[in-house]
Protein chains: 2
Amino acid sequence: MDINVKEPFDRDRQFALKRQAVIRAAGLDFCKRGYHNTSMTDIASNLGLTKAALYYYVKNKGEVLFECHQQAYDAMDILLEKKLIWKNGLEKLGDLYCDFVRMLTASGISLLTDVNSLSEGNKIKVLKRRRKIESKIIKIVKQGQSDGSIREGDPRLHVFFFMGALNWLNAWYDNSGHFKGEDIAVHFATQMRLGIAAA
Amino acid sequence: MDINVKEPFDRDRQFALKRQAVIRAAGLDFCKRGYHNTSMTDIASNLGLTKAALYYYVKNKGEVLFECHQQAYDAMDILLEKKLIWKNGLEKLGDLYCDFVRMLTASGISLLTDVNSLSEGNKIKVLKRRRKIESKIIKIVKQGQSDGSIREGDPRLHVFFFMGALNWLNAWYDNSGHFKGEDIAVHFATQMRLGIAAA
DNA sequence: AATAAATTTGACTCAAGAGTTAAATTTATA
DNA sequence: TATAAATTTAACTCTTGAGTCAAATTTATT
């Protein structure tokens with residue numbers, strides 16, 4: 001048996017899980033009110049904790065912001081690596097994009113835009129990761145242009161366009177609101193696909 | 001002759017122009033580094049001025065942020081009111097969107113996203129204006145769905161998608177960079193149109 | 001030359017919030 | 001029951017940056 005029944009008693013594991021929860025909660029706060037309009041005390045009290053307890057899990061506020069970014073990119077990387085067989089670049093991209101939206105609406109992970117509040121070192125790391133992901137997506141677009149499923153045009157502009165829609169998602173999406181995550185995912189993926197599909 | 005040769009000597013006029021310049025410069029700074037990562041001293045020194053001089057033109061930092069939003073919405077309203085005869089909703093929307101991108105890349109006006117750093121009162125005003133603009137655009141989409149130029153689907157989701165691309169524009173566009181504003185405008189308008197066009 | 005507007009200088013106050021600390025207390029583990 | 005981990009309490013320090021102010025200086029207008 002692989003299931004570890006003792007897991008809930010594994011303190012390191014509990015610590016890691018709680019730390020993740022802190023990051024995720026902070027991410028939601030940053031998303032809703034903005035990094036600088038959210039104090040460590042806010043984050044703590046939203047978790048039913050005290051500021052001092054937060055500092056038991058994280059070094060400082062900048063680290064929290066950094067980890068929020070990491071979390072989002074980790075999730076995106078996992079979706080990018082999901083290797084299946086696709087008819088063509090367009091299909092591949094459509095499903096990937098759908099997964100991105102699903103992930104952002106369902107997981108509590110926020111794709112933050114505030115890169116300028118990171119320390120210089122972390123900012124570089126985050127931008128590097130973002131570019132890496134972007135370039136993987138651009139590669140899929142080029143693939144689609146080669147196989148004839150995606151229309152011509154600057155691949156970077158193709159990507160900037162629909163990734164913008166994705167980045168804006170967090171600004172307005174509210175999981176207690178009118179739209180269901182899955183519906184948005186399907187709608188957005190369709191609109192994305194049609195925008196770049198070959199005639 | 002309507003041209004007022006004395007204009008450069010009209011002090012009220014000069015004051016207003018300089019105030020506008022302050023807002024616009026601040027908008028560019030906020031866009032590049034974020035509202036909270038930009039100090040009043042930064043804004044001043046980017047204009048070759050001193051902080052005290054800034055306060056000769058504006059009441060406080062919050063007012064500057066508010067005016068940045070107003071400036072962008074003023075510009076969008078002007079484009080929205082540009083009434084011409086269109087074949088159908090899709091054409092109308094395509095041209096409008098193209099104008100939006102042109103405006104954002106050419107005018108030095110920034111479409112800021114940081115609404116949470118506004119005072120409660122100003123935040124309400126800004127969100128009200130944003131919703132008003134959004135609903136005008138949604139109306140055009142519905143128009144297009146009636147006249148058969150735009151495919152079915154929730155009009156709000158159609159709009160959220162391509163307005164996201166617009167909001168994200170400021171985050172990456174650099175007027176000294178690789179892409180020409182006009183090229184982006186044409187590309188984005190095309191991609192927007194194809195995403196919602198009827199089959 | 002006289003006046004008013006625009007701007008600089010530099011020092012200052014004030015508030016908010018990050019981050020720390022030590023001691024006490026609660027909770028889980030063995 | 002003894003121990004170690006998790007968390008609270010509450011007070012504290014420090015930094016940053018907004019906003020103010022008064023006096024001096026420069027620039028434009030008449």
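Naming convention: chains lettered A, B, ... in sequence-line order (proteins, then strands); numbering from 1 in each chain.
- Per the geometry, CZ belonging to B:Arg13 stands 15 Å off P belonging to D:dT29, to the nearest Å.
- Taking atom CZ of A:Arg33 as the reference point, atom P of C:dA16 lies 18 Å away to the nearest angstrom.
- Between B:Phe15 atom CZ and C:dT7 atom C1' there is a gap of 13 Å when expressed in whole angstrom units.
- By the 30° and 60° cut-offs, the orientation of the rings of A:Tyr35 relative to A:Phe30 is perpendicular.
- Distance A:Phe30 CZ to C:dA18 C1': 12 Å, rounded to the nearest Å.
- With hydrogens and angles disregarded, no donor-acceptor distance shorter than 3.5 Å links the side chain of B:Ser149 to the backbone of B:Asn88.
- Within a heavy-atom distance below 4.0 Å of DNA chain C, the residues of residues 42-67 of chain B found are B:Gly48, B:Leu49, B:Thr50, B:Ala52, B:Ala53, B:Tyr56, B:Tyr57.
- Relative orientation of the B:Trp172 and B:Phe188 rings is tilted, given thresholds of 30° and 60° on the angle between their planes.
- If you check the side chains of B:Ser117 and A:His36, you find no donor sitting under 3.5 Å from an acceptor.
- Between B:Gln191 atom CD and B:Leu194 atom CG the span is 8.0 Å, to the nearest 0.5 Å.
- Each of B:Lys18 and A:Thr41 was assigned the nucleotide of DNA chain C with the nearest heavy atom; the assignment lying further toward the 5' end belongs to B:Lys18.
- Between A:Phe15 and A:Tyr57, the two ring planes are tilted [angle within 30° to 60°].
- As rounded to whole Å, 13 Å separates atom C1' of C:dT27 from atom CD of A:Gln14.
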